[in-house]
There are 2 protein chains.
Amino acid sequence: MPENKPQTSRVLDLGRLKTACSSCSLRELCLPVGLSNEDLARIDGLVLVRRSLARGDHLFRAGDSFQSLYAVRSGFLKTKLLLEDGREQVTGFQMAGELIGLDGIGTERHTCDAVALEDSEICVIPFGRLEQLSREVTQLQQHLHKVMSREIVREHGVMMLLGSMRAEERLAAFLLNLAQRLAARGYSASEFNLRMTREELGSYLGLKLETVSRVFSRFQEEGLIAVQQKYIQIKDPESLRGAVGGEAC
Amino acid sequence: MPENKPQTSRVLDLGRLKTACSSCSLRELCLPVGLSNEDLARIDGLVLVRRSLARGDHLFRAGDSFQSLYAVRSGFLKTKLLLEDGREQVTGFQMAGELIGLDGIGTERHTCDAVALEDSEICVIPFGRLEQLSREVTQLQQHLHKVMSREIVREHGVMMLLGSMRAEERLAAFLLNLAQRLAARGYSASEFNLRMTREELGSYLGLKLETVSRVFSRFQEEGLIAVQQKYIQIKDPESLRGAVGGEAC
DNA sequence: CGCCAACTTGATGGCTGTCAAGTCAGGTGG
DNA sequence: CCACCTGACTTGACAGCCATCAAGTTGGCG
């Protein structure tokens, strides 16, 4: 199993691919959100490189020097922390339009691993250029700050999940969050294929894979969802919301 | 108990107090880190207002409109999330030189509560001005990004804690982290007074207050620490590090 | 067709939560 | 100054949720 291929991921010339941000179908989800056409033109030179990852490839590893942020163009990734003793904590799952690599800014080294859970296309955003442009383009600066802030808020939510919720609540909250993110990308919110294993999902939720499996089964018995391996149908979103103890207030 | 005083916190005129960032004793810990004297002078006008909080006062609440970041000048705060059903998750403890309020940037509303755990002095940093200045002062821009990134990394660590560690590991990691932050501020790393209750600490660590108490007692029996209510002495930091299952790798 | 990773399900155990009682420390009022 | 009161903390007994261990099933892929 080629767990750790050397960087064979192809580096693509974007000029040929005509994939400037201004013409990207994800621009309403990704960094360029809210930019005027004029400003959009200014950031078109930002992404000069794209990388293709095969399932299982690393985008970066903890300890790698930090140069760029990465925007998911297509595919699905996870970020994870490793402890010396082998324990692993998944810190997030990223899909199209979401940014990866913010962890590296602080120390100029990445602090986690990013791994593709399916074949993925990644836009490479050199961070120095991004900082330079965001000094010139106020909207871009503000949006970058918002993206970082939202990542902080997302992690607050995960802390709530891990610190205060029971297994059923955690999984229900996760499914609803995933459904909502899929819907924002034009996919069905009521049926989808999970891209991660039960073990990866459990790691994210602070549960063991058997517990994840059992809760899936329980939700299915109760008619909240239908489960066939990775294929999930949400049958009763309202009750699923009820299964999450309390919303934020 | 005046849980929710109207904003009686005094607003101080900084001109009178001569507390510009350039002459602040915390400038090596706070936002101005790494600025040249020249740049430092440029941000001296950033903090025009300070607020004094009494123990128990809120700095802001979830839902409040976001205008400013806050730097702790002295004192000790917590941030927390509330669920409708009353469950509470402490998301962080902040001490001198640390920033509060990054959660509000994304939605322009605060998403958590910030509460003083002891009488505190807070520098108010209007975020619009900070963004403006950071467009002009590259070092400031870079440092702001680093601060936000480090907050993301800190939260990754908490996720690891909550998702993968057992009660003893969580408490040991917390004590070591607290000791290290105190040391960075010139305080003793081997003895200190906790500013939070067992319940608040437990909430942060995903434990009940009784469990926190029991683990303290166990550590004391093993000679790792000495506990007298909130007064903690770290007797054997090496073994305490050993009690944290694995370091990051 | 066979192999293997991923998943499901059952039995059991342990860590931590829950409930309860008691101790301690600090602050207030007599 | 001391008694009292209250919130914070400690400690014990017990219970429950989830982890662990184990066995079997499913589905994808070579």
Side-chain angles (χ1 to χ4, degrees), chain A residues 1-3 54-56 78 85-90 115 117-119 161-172 174 193-222 225-232 243 245, chain B residues 1-3 54-56 78 85-90 115 117-119 161-172 174 193-222 225-232 243 245:
Chain A
M1 178 184 52
E3 169 62 39
R55 175 179 173 158
K78 70 172 174 182
D85 61 9
R87 277 181 292 184
E88 181 175 321
Q89 175 70 37
V90 171
V115 183
L117 296 184
E118 62 180 9
D119 295 355
L161 212 88
L162 294 173
S164 304
M165 290 185 171
R166 299 178 323 111
E168 296 197 353
E169 300 176 295
R170 295 183 202 185
L171 191 57
F174 172 82
N193 279 292
L194 297 177
R195 297 285 127 99
M196 73 291 288
T197 65
R198 300 286 191 265
E199 185 172 20
E200 289 162 334
L201 182 47
S203 171
Y204 182 63
L205 298 176
L207 303 169
K208 291 293 157 185
L209 68 93
E210 296 93 332
T211 304
V212 174
S213 181
R214 272 185 251 271
V215 176
F216 270 134
S217 300
R218 219 174 302 153
F219 281 169
Q220 183 161 237
E221 283 163 25
E222 294 165 359
I225 63 176
V227 185
Q228 289 172 266
Q229 304 286 116
K230 300 205 153 148
Y231 177 65
I232 309 286
Chain B
M1 179 182 54
E3 169 62 40
R55 175 180 174 159
K78 70 172 174 181
D85 60 11
R87 276 182 292 186
E88 181 175 321
Q89 175 71 36
V90 171
V115 184
L117 297 184
E118 62 179 8
D119 295 355
L161 210 89
L162 294 172
S164 304
M165 291 185 170
R166 299 176 324 109
E168 296 197 353
E169 300 177 294
R170 295 183 202 185
L171 191 58
F174 172 80
N193 279 292
L194 297 176
R195 296 286 126 98
M196 74 289 288
T197 66
R198 300 287 190 264
E199 185 171 21
E200 288 162 335
L201 182 46
S203 170
Y204 182 63
L205 297 177
L207 303 169
K208 292 293 158 186
L209 68 93
E210 295 94 332
T211 303
V212 173
S213 181
R214 271 185 252 271
V215 176
F216 269 133
S217 300
R218 221 175 301 155
F219 281 169
Q220 182 162 237
E221 283 164 25
E222 295 164 359
I225 63 175
V227 184
Q228 289 173 266
Q229 305 285 117
K230 300 206 153 145
Y231 176 66
I232 308 286

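Convention: sequence-line order gives letters A, B, ...; per-chain numbering from 1. Computed from heavy atoms alone, side chains included, the values below leave out hydrogens, waters and symmetry copies.
Considering only side-chain N and O atoms, A/R214 lies nowhere under 4.0 angstrom from the phosphate OP1 or OP2 of C/dT9. OP1 or OP2 of C/dC7 sits under 4.0 Å from a side-chain N or O of A/K230. A/S217 has no side-chain polar atom (N or O) that falls below the 4.0 Å cut-off from OP1 or OP2 of C/dT8. Residue A/T197 has no polar side-chain atom (N or O) positioned under 4.0 Å from OP1 or OP2 of C/dA5.
Across all strands, A/L209 comes closer than 4.0 Å to base atoms (heavy-atom distances). Counting non-hydrogen atoms under 4.0 angstrom, A/G202 reaches nothing in the nucleic acid. Across all strands shown, B/R166 has heavy atoms under 4.0 Å from sugar-phosphate atoms exclusively, and none from any base. Among the atoms of the strands shown, base atoms are found under 4.0 Å from some heavy atom of B/S213.
Look at CZ on A/F216: it is 16 Å from C1' on C/dT9, rounded to the nearest Å. Look at CD on B/Q220: it is 8 Å from P on D/dT11, rounded to the nearest Å. One can place CG of B/L194 at 17 Å from C1' of D/dG7, the figure rounded to the nearest angstrom. Rounded to an integer number of Å, the gap from CE of B/M165 to P of C/dT16 is 13 Å. Computed from coordinates, the B/M196 CE to D/dC9 P distance equals 10 Å when rounded to whole Å. Separating the CZ atom of A/R198 from the P atom of D/dA19 is a distance of 15 Å, rounded to the nearest angstrom. In this structure, B/R218 places its CZ atom 12 Å from P of D/dT11, rounding to the nearest Å. Look at NZ on A/K208: it is 14 Å from C1' on C/dG14, rounded to the nearest Å.
Side-chain atoms of B/L162 and B/R170, non-hydrogen and from C-beta on, do get closer than 4.5 Å to each other. Here the side chains of A/R198 and A/F216 are in contact, with some heavy-atom distance below 4.5 Å.
Nucleotides of DNA chain D nearest to A/L207 and A/Q229 differ in position, and the one nearer the 5' end is that of A/L207.
Taking 3.5 Å as the limit, the base of C/dC19 and the side chain of B/E210 contain a donor-acceptor pair of atoms between them.
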Fill in: B/F219 and B/V227: CA distance, side-chain angles, deciding distance, side chain to side chain contact (heavy atoms under 4.5 Å, CB included) verdict
CA-CA 9 Å; B/F219 281 169; B/V227 184; over 6 Å; no

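Under the side-chain contact (heavy atoms from CB on, under 4.5 Å) test applied with A/R55, the options A/D119, A/V115, A/L117 reduce to a single match, A/D119.
The main-chain N or O of A/K208 is never found under 3.5 Å from a side-chain atom of A/E199 such that the two would form a donor-acceptor pair.
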